[in-house]
Amino acid sequence: MAEPEKKHRFFDIHPPVFWPAAIISGLFIAVTIIVGDPMDDIFASVQNFISDSFGWLFILAVNFFLIFVLSMAGGKFGKIKLGGPDAVPDFSRGSWFAMLFSAGMGIGILFWGVAEPLYHYSSPPPLDPTTTAMAAQLAMEFSFLHWGLHAWAIYTLVGLALAFFAFNRNEPLAIRSVFKPLLGDRTERLPGHLIDILAIVATLFGLATSLGFGVEQVSAGIGHLFGIPVTPQLQIILIAGVTGIATMSVVSGIDKGVKSLSEINIRIGAVLLAFIFIAGPTVFILDSYLQNIGGYLNNFFAISFWSESYSGGTWQNSWTVFYWAWWISWSPFVGMFIARISRGRTIREFVLSVLVVPTLLTFFWINAFGGTAINIEMSGAGALAEKITGNISLSLYTLLEQFPLPLITSGVAMILVISFFVTSADSGSLVVDSFASGGKINT
């Protein structure tokens, strides 16, 4: 059973989890800084070994997760309400969707939304598209694969498990609680501590990937708009500033801080999306959105289970397997966050909402920005592919240069990146706080 929460303690930790996780993270950072550039080769070797040896397992597992959560929504368990029959949602549906999207995809989709489709178009997966039109559609289908139902299925599975055990079984809101049926009371001892330590480390590393993309994009935007050299010192200053803002947001809590920032993100993102939709190839965006969703669904099983076994290449290890590992590393963070904001929803509502709504919005964003970039490239104007693949951090700003008011729209884009940066940092902090305090919600 969950222990009573102690509120208003400034430093409230669960020592068997907090200190080992802090030491592991600190040692990892220290070794990386001391060793320097050679660590890049070590990381690459480890990643290649995992991808080459266990890529098939990632593919199988992620497909299983999707099938499982859909079965939960469609089966007899779908009517169960998270928090019990009398539970009432803590947030309106609009605020709930805004926080889901901001936590799950924010910085990543801003970084890759333009670059990935164009990258796949100029360097297609090894499936031999015979025309530029086929290459374009294949690029969009794989972009949809990486950012669509499979990614959100991972978050849905972890979030649903955490929400059920926390709100319906009165267990701490921690990863170890999910293993209570298997481990029993041992979740309160060493096995449970190890699970939460691993969850914290995985969350920190997953966040580091996304926040790394974020600071690259913010610093590239500053350099692009103001001509300031992009240096490690500038990036450190940006990280410190964003961390300070995120800390204030965390202290103010979910309802005031994270919720408000998430809603701001959605509004700014909607303005930028509307600009591309109106100033860009509007009819093409609508036509291709329908066609790309149809192509994605038509080839769903083929590309979902494709393992590059006959071609023997490494494309999939660099893209699909990387994404599955990235989303899995993010799943304790995003899963716990969406669990925390989802009390009062039925399992069916939870699963279908978390799967479908962010996926369709993500698809439209990728289609509008990435599809517009492909359209410009196919028309022979702009030479975007060369510019963007040469510096992915500038991909969003490079696209906006093709339309009127580039300084204004690039400034808005940079503000959006910063806002998503802060939202990812503060929601991640809330999650790590909960894990490190033994599953307390208010810490």
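For the single chain, residues carry numbers from 1 onward in sequence order.
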Under 3.5 Å donor-acceptor, [X] side chain and [Y] backbone:
| X | Y | answer |
| --- | --- | --- |
| Asn375 | Gly371 | no |
| Ser437 | Ser434 | yes |
| Asn317 | Gly55 | no |
| Ser177 | Leu173 | no |
| Ser331 | Ile328 | yes |
| Asn292 | Ser288 | yes |
| Ser395 | Ile392 | yes |
| Asn367 | Ile285 | yes |
| Gln217 | Leu110 | yes |
| Glu401 | Pro406 | no |

Considering all heavy atoms, the nearest [X]-[Y] contact:
| X | Y | value |
| --- | --- | --- |
| Glu308 | Pro126 | OE2-CG, 3.3 Å |
| Pro332 | Val431 | O-CG1, 3.9 Å |
| Thr346 | Glu349 | OG1-N, 3.0 Å |

ring-ring contact (aromatic ring centres under 6.0 Å, His included) with [X]: which of [options]?
| X | options | result |
| --- | --- | --- |
| His150 | Phe301, Phe300, Phe65 | Phe300 |
| Trp147 | Trp324, Trp327, Trp112 | Trp327 |
| Phe111 | Trp326, Phe421, Phe213, Tyr397 | Phe213 |

How about [X]: does its [atom1] atom have over 12 heavy atoms from other parts shown lying under 6.0 Å from it?
| X | atom1 | answer |
| --- | --- | --- |
| Tyr119 | OH | no |
| Phe68 | CZ | no |
| Phe54 | CZ | no |
| Tyr289 | OH | yes |

With heavy-atom distances below 4.5 Å as the criterion, would you say the side chains of [X] and [Y] are in contact?
| X | Y | answer |
| --- | --- | --- |
| Tyr155 | Pro358 | no |
| Thr320 | Trp315 | yes |
| Met140 | Ile374 | yes |
| Val412 | Ile268 | yes |
| Val158 | Ile175 | yes |
| Ile366 | Pro117 | yes |
| Thr398 | Leu384 | yes |
| Glu116 | Tyr323 | yes |

* Asked: Taking only residues two or more places apart in sequence or in another chain, which ones pass ring pair (Phe, Tyr, Trp, His ring centres under 6.0 Å) with Phe363?
  ->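 Counting only residues at least two positions away or on another chain, Phe363 forms a ring pair (Phe, Tyr, Trp, His ring centres under 6.0 Å) with Phe144, Tyr296.
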* Have a look at Val218 and tell me which of Leu238, Val242, Leu234 forms a side-chain contact (heavy atoms from CB on, under 4.5 Å) with it. =>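 Running side-chain contact (heavy atoms from CB on, under 4.5 Å) over Leu238, Val242, Leu234 with Val218 returns exactly one hit, Leu238.
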* Does the pair Phe77 and Phe350 meet the rule for a ring-ring contact (aromatic ring centres under 6.0 Å, His included), with working shown? -> CA-CA 12 Å; Phe77 300 110; Phe350 179 93; over 10 Å; no
* Asked: Quick check, are the ring centers of Phe142 and Trp306 under 6.0 angstrom apart?
  ->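 Close enough - the centres of the two rings lie under 6.0 Å apart.
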* Taking the six-membered ring for Trp and the full ring for Phe, Tyr or His, determine whether the centres of His120 and Trp319 are under 6.0 Å apart. => yes
Under 3.5 Å, sequence neighbours excluded: what are the donor-acceptor pairs made by side chains of residues 271-279?
none

* Asked: So, is the end of the Arg343 side chain (NZ or CZ) under 6.0 Å from the ring centre of Phe167 and within 45° of the ring's axis?
  ->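 Checked: cation-pi criterion met.
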